[in-house]
Amino acid sequence: MVITMKTYCFTQTFSYQKTGKNGALKLTPDQPTNCSSREEAMNKAERLSDKRDGVIAAMQEFDESSSEYGQFTVLAKYGNIPPGALGEE
């Protein structure tokens, strides 16, 4: 069986949202945006960095036939990023 990994590039933004009865702020992910290349992801992340509380540009390998994920790489990061968002434990 041949494993063919595809690489998906994307940006992920984060915004502070009020949560609970006390209105505490929590950094939450917004909808990710697919990009056609590493360069597009990095450029988009830079443009979004002044509009969102945090932004990452990243790429993720994925095998569509087995639904297995491969290497996750952060290309750029700006602002506040919640724990775990960069692939660390």
Side-chain angles (χ1 to χ4, degrees):
M1 179 167 126
V2 176
I3 297 176
T4 306
M5 295 293 233
K6 290 189 175 186
T7 301
Y8 293 93
C9 298
F10 61 95
T11 58
Q12 175 67 63
T13 59
F14 301 91
S15 300
Y16 280 107
Q17 303 291 325
K18 289 184 180 181
T19 62
K21 293 180 182 179
N22 64 358
L25 292 177
K26 180 180 180 185
L27 196 57
T28 58
D30 302 314
Q31 188 70 25
T33 303
N34 290 327
C35 299
S36 60
S37 67
R38 295 168 54 120
E39 293 76 19
E40 180 187 355
M42 291 187 295
N43 290 336
K44 188 174 284 193
E46 185 175 10
R47 285 193 311 272
L48 290 169
S49 66
D50 64 346
K51 297 177 177 96
R52 296 291 188 266
D53 296 305
V55 183
I56 62 171
M59 57 188 210
Q60 172 78 60
E61 292 179 344
F62 181 71
D63 181 5
E64 292 179 326
S65 64
S66 68
S67 297
E68 291 183 20
Y69 288 92
Q71 183 175 348
F72 176 82
T73 304
V74 175
L75 304 170
K77 61 181 179 175
Y78 300 93
N80 298 315
I81 309 298
L86 300 178
E88 75 278 7
E89 305 247 345

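This is a predicted model, so every value here is computed, not measured. Along the sequence shown, residues carry numbers from 1.
Nearest approach of Arg52 to Ser15, heavy atoms of both residues: CD-OG, 3.5 Å. Closest approach of Gly70 and Gln60 over heavy atoms only: O-NE2, 2.8 Å.
Annotation: side chain to side chain donor-acceptor pair (under 3.5 Å) contacts of Lys6 (sequence neighbours excluded): Glu64. Here Tyr16 pairs with nothing under the ring-ring contact (aromatic ring centres under 6.0 Å, His included) rule; sequence neighbours left out. Evaluation of the side chain to side chain donor-acceptor pair (under 3.5 Å) rule for Thr13 yields Asp30 as partners, not counting sequence neighbours. Listed by chain and residue number, nothing satisfies the ring-ring contact (aromatic ring centres under 6.0 Å, His included) test with Tyr8 (two or more places apart in sequence, or in another chain). Contacts of Thr73 classified as side chain to side chain donor-acceptor pair (under 3.5 Å), with partners at least two apart in sequence or in another chain: Gln71.
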Legend entry - side chain to side chain contact (heavy atoms under 4.5 Å, CB included) between Tyr78 and Asp50, intermediate numbers included: CA-CA 9 Å; Tyr78 300 93; Asp50 64 346; over 6 Å; no
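Tracing side-chain contacts under 4.5 Å through hydrophobic residues (I, L, V, M, F, W, Y), one never reaches Phe14 starting from Leu75; they form parts of separate clusters. Hydrophobic clustering (side-chain heavy atoms under 4.5 Å, transitive across Ile, Leu, Val, Met, Phe, Trp, Tyr) groups Ile81 together with Phe10. At a threshold of 4.5 Å between side-chain heavy atoms, the hydrophobic network of Ile, Leu, Val, Met, Phe, Trp and Tyr places Val55 and Met59 in two separate groups.
Note that OG1 of Thr11 and CD of Gln31 are 10.5 Å apart. Values are rounded to the nearest 0.5 Å. Between Leu25 atom CG and Asp53 atom CG the span is 9.0 Å, to the nearest 0.5 Å.
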If you look only at distance, which donor and acceptor atoms sit under 3.5 Å apart when one is on a side chain in residues 35-46 and the other is two or more places apart or in another chain?
unit_1 : atom_1 : unit_2 : atom_2 : d
Ser36  : OG     : Glu40  : OE1    : 2.6
Ser37  : OG     : Glu40  : N      : 3.1
Glu40  : OE1    : Ser36  : N      : 2.6
Asn43  : ND2    : Glu39  : O      : 3.2

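Among residues at least two apart or in separate chains, ring-ring contact (aromatic ring centres under 6.0 Å, His included) pairs with a member in residues 19-62 are Phe62-Tyr69.
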